[in-house]
Amino acid sequence: SNALWVGCDGGLFLNTSPAAGGAFAPMNPGLATLCTSHFTQHPTEPAVMFVGLQDNGTAKYVGEEVWTEVEMSDGGYGIVNWNNPYQVMCYWDGNLYVASDGGIDFSSWSYVNGGGATMEAPVVSAPYNPGSPADANIVAFGAWGKVQISPDFGTTWPVSVPFPLSTDEPYSMVGASATRFFVGTSGGQVYRLDNTGGTWAFTRLDNAAAGPLPLSSLVSDIAVD
């Protein structure tokens with residue numbers, strides 16, 4: 001009668017002294033209940049990955065049987081810089097953070113941007129292009145009805161492009177090149193974001209005259225050939 005168990009999206013917890021104001025202790029060892037939102041992989045070492053976890057932070061994998069938690073709270077999108085893999089960017093709990101040591105532990109991270117409401121605010125980089133190393137530093141971050149662009153892996157964010165429709169909220173994104181990204185929204189819209197002559201602008205794709213896409217809910221992922 002003195003054992004109070006709680007199950008939630010963070011796992012299983014036990015309080016052995018609830019009437020006396022006791023604390024809850026996690027009872028999660030051995031439970032494979034983590035909810036993965038997004039993962040990113042090292043560009044040249046396949047065994048190294050980062051994964052965003054609902055209510056369980058961001059975890060790092062290095063080829064061992066055990067993942068290491070490197071940050072807490074709600075984990076989401078992540079990026080490993082393909083030109084300098086010691087640079088890592090991860091999103092959790094409404095904010096964006098970077099590490100310059102490969103994301104070893106909790107103390108590795110520094111805040112670089114914020115404003116996202118959920119763990120699903122997308123952040124992606126320009127795709128792998130060894131002929132243009134500077135492309136690896138181009139990052140796009142979608143939150144609160146706009147996409148921000150950083151040319152220096154999060155140090156500055158000089159570009160902010162609002163969606164044509166104020167009700168659109170970015171939910172998924174992918175880089176097609178250093179000057180083109182595709183964005184899906186929580187309301188079923190799909191956009192192409194292009195840099196033409198130094199100016200970034202949206203083109204809506206889901207309402208094409210040749211036939212609109214039959215989307216009515218969130219666009220959870222986008223892939224580019």
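Counting from 1, the numbers follow the sequence of the chain as shown.
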Result block: side-chain N/O donor-acceptor pairs under 3.5 angstrom for residues 152-163, not counting sequence neighbours:
from	atom 1	to	atom 2	distance (Å)
Asp152	OD1	Ser150	OG	2.9
Asp152	OD1	Thr155	N	3.1
Asp152	OD1	Thr156	N	2.8
Asp152	OD1	Thr156	OG1	3.3
Asp152	OD2	Thr156	OG1	2.6
Thr155	OG1	Asp152	O	3.3
Trp157	NE1	Val112	O	3.4
Trp157	NE1	Gly154	O	3.2

Review item, side-chain donor-acceptor pairs of residues 176-183, under 3.5 Å, at least two apart:
from	atom 1	to	atom 2	distance (Å)
Ser177	OG	Thr179	N	3.2
Ser177	OG	Thr179	OG1	3.4
Ser177	OG	Arg180	N	3.2
Arg180	NE	Asp194	OD1	2.6
Arg180	NH2	Asp194	OD1	3.3

Ignoring hydrogens and angles, write down the donor-acceptor pairs under 3.5 Å from the side chains of residues 83-90, residues two or more places apart or on other chains.
from	atom 1	to	atom 2	distance (Å)
Asn84	OD1	Tyr86	N	3.3
Gln87	OE1	Asn81	ND2	3.1

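In this structure, the ring of Phe202 has its center less than 6.0 angstrom from the ring center of Tyr191.
For Ala209, there are no side-chain contact (heavy atoms from CB on, under 4.5 Å) partners two or more places apart in sequence or in a different chain. Every residue two or more places apart in sequence or in another chain that forms a side chain to side chain donor-acceptor pair (under 3.5 Å) with Asn129 is listed here: Asp135. Residues that satisfy the salt bridge (charged side-chain N to carboxylate O under 4.0 Å, His left out) test with Asp206, not counting sequence neighbours, are Arg204. Take Thr44 and apply the side-chain contact (heavy atoms from CB on, under 4.5 Å) test, not counting sequence neighbours, and it matches His42. For Phe13, there are no ring pair (Phe, Tyr, Trp, His ring centres under 6.0 Å) partners at least two apart in sequence or on another chain. Listed by chain and residue number, Gln189 satisfy the side chain to side chain donor-acceptor pair (under 3.5 Å) test with Thr185 (two or more places apart in sequence, or in another chain). Remark: Thr40 pairs with no residue by the side chain to side chain donor-acceptor pair (under 3.5 Å) rule, at least two apart or across chains.
Here the side chain of Glu71 pairs no donor or acceptor atom with the backbone of Thr58 at under 3.5 angstrom.
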Applying side-chain contact (heavy atoms from CB on, under 4.5 Å) to Val147 and Phe141, what does each step give before you reach the verdict? CA-CA 5 Å; Val147 173; Phe141 175 47; over 6 Å; no

Determine whether Asp55 and Asp74 satisfy the following criterion, side-chain contact (heavy atoms from CB on, under 4.5 Å), listing intermediate values before the conclusion. CA-CA 4 Å; Asp55 265 4; Asp74 281 319; 3.0 Å; yes

Can you check side-chain contact (heavy atoms from CB on, under 4.5 Å) on Asn95 and Asn113, steps first, answer last?
-> CA-CA 6 Å; Asn95 297 304; Asn113 205 337; over 6 Å; no

Stepwise side-chain contact (heavy atoms from CB on, under 4.5 Å) test for Phe24 and Leu4 = CA-CA 9 Å; Phe24 282 94; Leu4 177 61; 3.8 Å; yes

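Side-chain atoms of Ser172 and Asp221 form no donor-acceptor pair, as typed in the model, at a separation below 3.5 Å.
Test Phe50, Tyr77, Tyr91 against His38 for ring pair (Phe, Tyr, Trp, His ring centres under 6.0 Å) and you get one pass: Tyr77.
Annotation: side chain to side chain donor-acceptor pair (under 3.5 Å) contacts involving residues 14-24, sequence neighbours excluded, are absent.
Residues Trp200 and Val123 are members of one and the same hydrophobic cluster, defined by side-chain heavy-atom contacts under 4.5 angstrom among Ile, Leu, Val, Met, Phe, Trp and Tyr. Cluster annotation: Met173 and Trp82 are assigned to distinct hydrophobic clusters (Ile/Leu/Val/Met/Phe/Trp/Tyr, side-chain heavy-atom contacts under 4.5 Å, transitive).
Nearest heavy-atom pair across Ser108 and Gly103 is OG-C, 4.0 Å.
Leu12 belongs to a hydrophobic cluster whose remaining members, ordered by chain and number, are Trp5, Leu14, Met27, Leu31; membership requires side-chain heavy atoms of ILVMFWY residues under 4.5 Å apart, directly or through intermediates.
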